[in-house]
Number of protein chains: 2
Amino acid sequence: MEAEGGEKFFSLMTHLLSVTIFQNAVILNKNRSEDNNMITLSDVAKAAGVSRSAASKALHGGGGKTTKISEKKSLHIQKIAEQLGYRPNRMAQRLASRKQDIIGLIVDSQCCRLYSDILSCIEQLTREAGYRLQVGLMHDSIDAIKSYVDDFLGYDIQSVICMAHYYEFSEKVPPLFKPFKNPLFISQPATDEKFSFVSPDYHGTFRKAMDYLFSLNRRKIIYVKSNYRTPDAMARARAFRDAHLAHGIPFDEAQIYCGDIGECDTLELMTELLDDVLPMRPDALIIGNGNATLWAIRLLNSRGLRVPEDVSIIGMESWKGSQAMQPSISVMDNNPAEIAREAVRVIINNIPVESPPLHEIFVEGSLILGESCCHKV
Amino acid sequence: MEAEGGEKFFSLMTHLLSVTIFQNAVILNKNRSEDNNMITLSDVAKAAGVSRSAASKALHGGGGKTTKISEKKSLHIQKIAEQLGYRPNRMAQRLASRKQDIIGLIVDSQCCRLYSDILSCIEQLTREAGYRLQVGLMHDSIDAIKSYVDDFLGYDIQSVICMAHYYEFSEKVPPLFKPFKNPLFISQPATDEKFSFVSPDYHGTFRKAMDYLFSLNRRKIIYVKSNYRTPDAMARARAFRDAHLAHGIPFDEAQIYCGDIGECDTLELMTELLDDVLPMRPDALIIGNGNATLWAIRLLNSRGLRVPEDVSIIGMESWKGSQAMQPSISVMDNNPAEIAREAVRVIINNIPVESPPLHEIFVEGSLILGESCCHKV
DNA sequence: CTGAAAGCGCTTACAG
DNA sequence: CTGAAAGCGCTTACAG
């Protein structure tokens with residue numbers, strides 16, 4: 001014990017000496033943490049000839065309210081720490097201090113473009129605000145979500161953004177987040193219980209699309225709905241009906257087409273879709289992602305129908321390529337950047353709050369017009 | 001102190017009693033971790049009337065080589081733990097045990113499809129293998145990468161997959177990963193130093209595309225190259241030249257077109273591209289992502305050139321929508337699933353190894369043929 | 001088979 | 001302004 005400590009101290013000293021001479025070269029070597037030989041706060045304190053309290057204060061600024069240290073000593077300690085290549089042990093720090101600087105987030109690794117846009121913005125915003133984002137990736141697996149929840153709690157992460165609750169098992173997800181002090185959902189969760197969320201205004205944006213189509217004199221619109229019973233799909237269906245009622249235009253529930261797997265973005269699904277709905281002689285289609293749009297145009301053409309002359313198309317997801325298509329596609333833009341801003345604002349504001357109040361926020365979206373709805377735009 | 005401990009013990013007991021009666025209801029309430037009142041291993045041990053060692057053994061199976069415990073007692077402890085809603089504190093566990101069950105990964109939040117496909121597979125595979133994936137998300141920021149490296153080291157994560165080294169600053173990234181015992185890059189890093197990597201065989205797959213185009217009698221091929229000096233771009237340029245030499249077909253270096261921002265996937269960039277290369281009268285284009293393909297077809301058409309009659313197109317990124325386009329697009333498939341498998345295999349095998357050997361693995365890709373190259377496919 | 005004790009690397013009251 | 005000491009929640013030799 002004694003011997004080992006001495007040895008380590010000796011090697012530290014040798015190291016310090018060499019550092020002053022061949023600083024760069026040695027630091028590179030040192031970084032390759034020799035097992036169990038990593039530099040700790042104690043090592044730094046010893047090398048600097050101060051107490052661990054002092055080192056802690058100098059390096060991480062903590063040290064309680066009373067611990068103080070002179071500017072000069074502080075700089076000295078910092079220099080030593082850098083020379084030694086000291087890296088704080090995060091586990092020890094968090095175990096000792098319980099500070100809340102990590103925001104957890106769970107998201108599907110194959111999420112839709114909207115979600116990955118939101119995620120990208122959230123990442124940026126949390127970093128700028130000085131928080132760390134710990135991302136739990138999974139795909140369509142309730143067990144994976146559970147294990148992330150356990151992990152987050154095990155790391156004492158109390159603020160968690162959930163972007164993964166739109167599945168067959170969607171109603172099982174929200175309850176898992178009850179143990180957290182500060183959970184926040186992106187899009188309204190599908191449960192009776194109340195949870196804070198920031199959501200695209202699916203209803204409002206869809207309504208804009210409907211009004212636009214009606215203004216173009218389209219009268220037989222097909223809405224290709226996801227078959228998950230998610231709030232977004234339900235909000236859109238509601239907007240579909242509301243719009244018809246408001247305009248006094250009759251419709252058939254069959255115009256809300258529920259595909260087998262949400263997005264009709266394969267040849268098979270789109271073929272099936274068209275077989276089912278073309279007998280209704282639709283003059284407009286509201287569909288999901290970019291691929292669905294590609295298939296729709298291709299297959300409509302192959303059946304002698306032109307876009308937009310015979311059928312208008314509006315996509316429910318904005319994507320960079322929509323304007324490159326021929327014809328360019330009208331799409332709904334859910335404003336991911338604003339959603340991310342609101343989400344980060346809410347969750348960060350909540351962190352110090354004992355029991356955060358309920359937040360239910362809808363972010364307004366817009367329509368990006370392309371050539372897929374009418375000739376002249 | 002004494003009083004507080006007693007109080008906590010009392011509430012635990014009350015709790016245990018109520019649990020037996022109203023189990024479900026109470027567990028739900030308990031989960032909402034009352035600040036600082038979270039259930040610890042000691043609480044469980046106390047409630048079960050055993051030592052912390054025994055509890056640790058029963059709940060996490062560790063407990064060194066010698067610590068043993070009877071089956072009956074073990075089950076009892078587990079039951080108590082579950083009733084109390086015990087969740088192990090991961091920080092304490094890792095601090096005490098130093099076990100290596102987390103794999104770190106750094107990736108761009110706006111990475112290309114290939115990378116997000118690989119990521120999705122890696123996530124699945126690491127989970128199946130019993131490891132946890134800790135994902136560091138960032139976008140085009142060397143500082144963010146640095147801070148993730150610090151974090152990982154701070155969490156004593158020694159196995160890290162880097163998918164974020166294709167930037168302006170690409171040669172600055174690999175050195176950051178030297179401190180890790182077990183780093184692995186996806187795609188070959190752009191540094192003189194050797195690092196283990198698993199990479200798509202960009203050269204081989206590109207060569208397949210070239211050979212195919214030559215077999216269709218295309219003679220003036222434009223390769224739209226990313227302007228980052230990344231190994232993939234260079235490997236492709238090499239394949240471009242090799243193919244010409246092998247076939248005895250003359251070419252001009254200007255046929256390797258270096259766009260301003262890598263992907264020519266906007267109206268402006270593609271317009272500029274066409275202005276620059278059309279005077280060469282190309283009969284084939286090898287371009288990046290899906291959007292670039294969309295723009296290429298649209299803009300070529302607007303200049304009176306048809307795909308594939310006048311110009312063949314091959315995309316360098318396979319995407320679900322490529323077959324939905326009109327014409328459907330020939331694309332290179334880099335085999336993300338296999339890349340992920342290799343990466344996970346290598347990194348997991350390395351975990352117990354003291355100084356892992358160098359791995360340099362190239363995964364073969366293939367061509368997915370569409371209508372964009374020639375009439376009859 | 002079991003438990004008391006040391007230790008992981010930090011932070012932070014507390015006493016000087 | 002400074003340092004010795006207790007503690008965060010675990011794991012694991014070690015001694016019974």
Side-chain angles (χ1 to χ4, degrees), chain A residues 1-2 4-5 8 33 35-46 48-77 81 84 86-101 153-156, chain B residues 1-2 4-5 8 33 35-46 48-77 81 84 86-101 153-156:
Chain A
M1 209 67 214
E2 185 70 284
E4 199 184 318
K8 187 171 182 185
S33 77
D35 267 328
N36 297 329
N37 213 18
M38 40 161 53
I39 310 297
T40 70
L41 189 70
S42 300
D43 296 329
V44 175
K46 205 181 285 177
V50 298
S51 73
R52 286 152 65 205
S53 327
S56 180
K57 179 75 183 176
L59 296 174
H60 310 308
K65 287 116 214 165
T66 55
T67 304
K68 299 228 163 84
I69 196 178
S70 66
E71 181 72 4
K72 200 180 116 211
K73 202 170 214 169
S74 178
L75 286 173
H76 176 234
I77 297 172
L84 290 177
Y86 166 71
R87 314 223 189 212
N89 183 311
R90 302 263 182 236
M91 276 130 14
Q93 281 188 314
R94 288 177 57 78
L95 186 59
S97 80
R98 309 214 144 276
K99 77 173 157 182
Q100 297 289 332
D101 61 346
L153 289 169
Y155 284 115
D156 196 24
Chain B
M1 208 69 219
E2 186 69 283
E4 201 184 317
K8 187 171 183 184
S33 75
D35 266 329
N36 296 330
N37 213 18
M38 42 162 51
I39 309 296
T40 71
L41 189 70
S42 300
D43 296 330
V44 176
K46 207 182 287 178
V50 298
S51 72
R52 284 152 68 206
S53 327
S56 180
K57 179 76 183 178
L59 296 174
H60 311 308
K65 287 117 215 168
T66 56
T67 303
K68 301 227 162 85
I69 194 177
S70 66
E71 181 71 2
K72 200 180 117 213
K73 201 169 215 170
S74 177
L75 287 171
H76 176 234
I77 298 172
L84 290 176
Y86 167 71
R87 314 224 189 210
N89 182 312
R90 301 266 182 233
M91 278 136 3
Q93 281 188 312
R94 289 177 57 77
L95 187 60
S97 79
R98 308 213 144 281
K99 77 174 157 182
Q100 297 288 331
D101 61 345
L153 289 169
Y155 283 116
D156 195 25

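So that the names make sense, note that chain A is the first sequence line, chain B the second, and so on, each numbered from 1.
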Legend entry - Whole-angstrom distance between D/dT12 and D/dG16, as gauged at atom C1': 16 Å

Inset, instruction - Mind calculating the distance between CZ (B/R94) and P (D/dC10) to the nearest angstrom? - result: 15 Å

Legend entry - OP1 or OP2 of C/dT12 under 4.0 Å from side-chain N/O of A/S53: no

Legend entry - B/L95, nearest nucleotide to its side chain (from D/dC10, C/dG9, C/dG3): C/dG9

Legend entry - Minimum-distance nucleotide to A/T40 side chain [options: D/dG3, C/dA4, C/dG9]: C/dG9

Legend entry - Closest to side chain of A/H60, choosing from D/dA5, C/dT11, D/dG9: C/dT11

Legend entry - Spacing of B/Q93 atom CD relative to D/dT12 atom P, expressed in whole Å: 10 Å

Inset, instruction - Check the distance between C/dT11's C1' and A/M91's CE and give it to me in whole angstrom. - result: 16 Å

Inset, instruction - Return the nucleotide paired to D/dA15: Watson-Crick means purine N1 to pyrimidine N3 with N6-O4 or O6-N4, wobble means G-U with N1-O2 and O6-N3, both under 3.5 Å. - result: C/dT2

Inset, instruction - Would you indicate which nucleotide in C/dC8, D/dC10, D/dG3 comes nearest to any side-chain atom of A/K73? - result: D/dG3

Legend entry - Pairwise 5' ranking along DNA chain C for A/S97 and B/S97, keeping only the more 5' one: B/S97

Legend entry - Distance in angstrom units between B/R90 CZ and C/dC10 P, rounded: 22 Å

Inset, instruction - Between A/P88 and B/R52, just flag the one whose closest nucleotide in DNA chain C comes earlier from the 5' side. - result: B/R52

Legend entry - Between C/dT2 (P) and B/H76 (NE2): distance, integer Å: 13 Å

Legend entry - Sidechain-backbone polar pair: A/R52 side chain, A/L41 backbone, donor-acceptor under 3.5 Å: no

Legend entry - Distance-minimising heavy-atom pair for A/A81 and A/L59: CB-CD2, 3.6 Å

Inset, instruction - Please determine, for the side chain of B/S70, which listed nucleotide (C/dT2, D/dG3, C/dG3) has the closest atom? - result: C/dT2

Inset, instruction - May I have the distance from B/E71 (atom CD) to C/dC1 (atom P), rounded to whole angstrom? - result: 10 Å

Inset, instruction - Over 60° means perpendicular and under 30° means parallel, so classify the ring planes of A/H60 and A/Y86, tilted if in between. - result: tilted

Legend entry - Closest nucleotide among D/dG3, C/dG3, D/dC10 to the A/S51 side chain: D/dG3

Inset, instruction - Send over the distance from B/N89 CG to C/dG9 C1', rounded to a whole Å. - result: 14 Å

Inset, instruction - Might you work through the side chain to side chain contact (heavy atoms under 4.5 Å, CB included) test for A/Y155 and A/R90, ending with a clear yes or no? - result: CA-CA 11 Å; A/Y155 284 115; A/R90 302 263 182 236; over 6 Å; no

Legend entry - Atom of A/I77, atom of A/A48 and distance for their closest heavy-atom approach: CG1-CB, 4.2 Å

Legend entry - Separation of atom CD1 in B/I77 from atom C1' in D/dT11, rounded to whole Å: 15 Å

Inset, instruction - Return no unless some side-chain N or O of B/Y155 is found under 4.0 Å from OP1 or OP2 of C/dC8. - result: no

